[in-house]
Amino acid sequence: MDFTATLLFFALLISSTEALDPCGSQPDNSDLSVIPIYGRCSPFNPPKPESWVNTIIDMASKDPERVKYLSTLVAQKTTAVPIASGQQLLSIGNYVVKVKLGTPGQTMFMVLDTSNDVAWAPCTGCTGCTPTTFSPNASSSYGSLGCSLPKCTQVHGLSCPATGAAACSFNQSYGGDSSFSANLVQDSLTLANDVVPNFAFGCINTISGKSVPPQGLLGLGRGPLSLLSQSGPLYSSVFSYCLPSFKSYYFSGSLKLGPVGQPDNIQTTPLLKNPHRPSLYYVNLTGVSVGQVQVAIAPEYLAFNPNTGAGTIIDSGTVVTRFVQPVYEAIRNEFVKQVKGPFTIIGVFETCFDASAEVEAPLITLHFQGLSVKLPMENTFLHTSAGSRACLAIAPVPNNVNSAMNVIANLQQQNHRILFDVANSRLGIAREACN
């Protein structure tokens, strides 16, 4: 092989490798990759080497704190959680997206969270943070925000001093057992090919607890400081994501921002809004079927009630779908009728059975207003690492949560395109291979 041919060979090899790079951006570079928190493309490692199913069980064990946290997201509630120093460990945050903050852009892997509004990132000098932080001094477009601005009110910032100016400082809880203190600042946010100038976010200076995402959070809720609100006409309050399976170590899903490229023929259900929990995406779950049997569920356990917060939400940060106790028991009892036992408990999963019976086990169908979703086997059952047991992958809402809220979680959303059309108050769901 002559020298020219050799160069051509290596050029083609490099080009082919880049084309097949699972950690790269989407083919047209317009979508963001959605990365499983412990996937190859993520900078975070599991707490210890173990099977993926044990990792999921460990992740799902944090769900009670997550659900408790979601139940406290009440409008105009000021958080007054004491801030203390402490070493942070990764606990909550199942999918991350790669973004850039500042000019020039500094890469951060932020947790994707549909139930939060304000974005935040750890900044240089942060106490209790991991080494990867955003450096305001290295960005030419960085700016601080004062305590007298309307944006400071939106994060329930601390009161301004009696005299003189001050930065907008605020405290916030997250995940039920953690909190942080931050200053509200603004800088450029780069998402794939798009730049959102003067994007307001929390610059974290102190963390307490184990649940605050190490490199920050990107809030996709509906509040005034969410990405949808701050990006305005750029994304027209429309986004969708496809979450890959937690088993997809080498692959990523996608986050599509804006109406362009969204699926045309997708079945939808109305998005409901709770004025007391305005960030959350409520939907009208009307029933659940186990196989061919529609489970008998009293309507009040599914009904949307904006006064109490009751109803059903779609959430990206909870691992296993949770139903209030009467709904869960009705589903489980019907499942047990149709599947050969005996049944055992593994972690948060209370209905585990011999995997040989899985072939004949009934699938779960979620009935929403105008839309029914039959969950495939991979979204219905979870296998033990030895493969001998299969578990029904749903769980009850924790007893210590004073909320009648059902949560459709990410294990059941995986390999589906979930469309959030906030502008038209509708949510779409369609089967899609996200890997």
Side-chain angles (χ1 to χ4, degrees), residues 60 63-64 67 70-71 267-270 272 281-305 308-315 318-355 357-383 389-399 401 403-416 418 427 429-431:
D63 277 356
V67 175
L70 293 174
S71 71
Q267 289 187 299
T268 63
T269 186
L272 310 176
Y281 290 104
Y282 279 85
V283 289
N284 187 13
L285 180 68
T286 59
V288 178
S289 290
V290 177
Q292 301 300 315
V293 178
Q294 182 149 350
V295 181
I297 300 171
E300 60 265 27
Y301 295 124
L302 297 178
F304 172 64
N305 187 330
T308 64
T312 302
I313 69 166
I314 301 286
D315 179 50
T318 308
V319 177
V320 177
T321 290
R322 301 272 176 161
F323 294 106
V324 295
Q325 195 71 35
V327 176
Y328 170 77
E329 289 179 357
I331 297 171
R332 183 184 185 276
N333 290 342
E334 180 57 41
F335 185 84
V336 168
K337 286 181 186 178
Q338 300 184 36
V339 178
K340 182 180 178 181
F343 296 93
T344 56
I345 297 174
I346 300 177
V348 300
F349 304 107
E350 299 180 351
T351 314
C352 299
F353 54 96
D354 193 289
E358 183 187 40
V359 177
E360 299 178 357
L363 298 179
I364 303 295
T365 301
L366 304 176
H367 302 289
F368 301 97
Q369 180 182 341
L371 167 68
S372 289
V373 179
K374 185 176 183 179
L375 297 175
M377 191 174 290
E378 66 183 82
N379 300 94
T380 305
F381 306 116
L382 194 68
H383 290 89
R389 306 292 287 174
C391 302
L392 180 62
I394 63 172
V397 168
N399 292 327
V401 175
S403 170
M405 186 171 65
N406 304 298
V407 182
I408 308 300
N410 57 46
L411 190 61
Q412 280 64 50
Q413 297 177 48
Q414 291 172 359
N415 286 315
H416 288 81
I418 312 294
L427 179 130
I429 304 177
R431 183 78 172 142

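Predicted model, so just to flag it, every value in this text is computed and none were measured.
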Would you please name every residue forming a side-chain hydrogen bond (donor to acceptor under 3.5 Å, both in side chains) with D315, sequence neighbours left out? R66, S115, T318
Between T321 (side chain) and A409 (backbone), is there a donor-acceptor pair under 3.5 Å? yes
Parallel, tilted or perpendicular for F353 and F381, by the 30°/60° rule? perpendicular
Quick one: side-chain hydrogen bond (donor to acceptor under 3.5 Å, both in side chains) partners of Q267, sequence neighbours excluded? none
Mind running side-chain contact (heavy atoms from CB on, under 4.5 Å) on V319 and N410 for me, showing each step along the way? CA-CA 5 Å; V319 177; N410 57 46; 4.2 Å; yes
So salt bridge (Lys or Arg N to Asp or Glu O under 4.0 Å) across residues 360-383, not counting sequence neighbours, yields E378-R431
Looking at side-chain heavy atoms only, is the closest gap between F323 and I297 below 4.5 Å? no
How about E300: does its CD atom have over 12 heavy atoms from other parts shown lying under 6.0 Å from it? yes
Atom of A296, atom of A330 and distance for their closest heavy-atom approach: O-CB, 4.0 Å
Excluding sequence neighbours, so at least two apart, what forms side-chain hydrogen bond (donor to acceptor under 3.5 Å, both in side chains) with H367? S289, S372
Going from CG on N379 to CE on M377, what distance comes out if it is rounded to the nearest 0.5 angstrom? 11.0 Å
Contact check, side chains of V373 and H416, non-hydrogen atoms, under 4.5 Å: yes
Is it true that a side-chain atom of Q413 and a backbone atom of I408 form a donor plus acceptor pair closer than 3.5 Å? yes
Do V290 and I331 come close enough that some side-chain heavy atom pair is under 4.5 Å? yes
How long is the gap from OH on Y282 to CD1 on I313, to the nearest 0.5 Å? 6.5 Å
The salt bridge (charged side-chain N to carboxylate O under 4.0 Å, His left out) partners of E350 (sequence neighbours excluded) come to none
Is the shortest side-chain heavy-atom distance between K340 and D354 below 4.5 Å? no
Grab the two heavy atoms, one from R322 and one from P396, that are nearest each other, plus how far apart they are. NH1-O, 3.0 Å
Keeping the roles fixed (side chain from Q412, backbone from A393), state whether a donor-acceptor pair exists under 3.5 Å. yes
Just how far is it from atom OG1 of T380 to atom CD1 of I364, taken to the nearest 0.5 Å? 6.0 Å
Could you tell me whether a side-chain N or O of N406 sits under 3.5 Å from a main-chain N or O of L302, the two making a donor and an acceptor? no
Separation of R389 CZ from T344 OG1 (nearest 0.5 Å): 3.5 Å
Pairwise distance OH(Y328) to CG(L392) - rounded to 0.5 angstrom: 7.0 Å
Can you name the residues that form a side-chain hydrogen bond (donor to acceptor under 3.5 Å, both in side chains) with N333, not counting sequence neighbours? none
Taking all heavy atoms of F335 and all of A361, pick out the closest pair and write down the distance. CZ-CB, 4.3 Å
T269 side-chain N/O to L427 backbone N/O, donor-acceptor pair under 3.5 Å: no
Is there a side-chain contact between L366 and V288 (heavy atoms, below 4.5 Å)? yes
Do any N or O atoms from the side chain of Y301 and from the backbone of Q325 form a donor-acceptor pair under 3.5 angstrom? no
So how far is it from I314 CD1 to F368 CZ, rounded to the nearest 0.5 Å? 5.0 Å
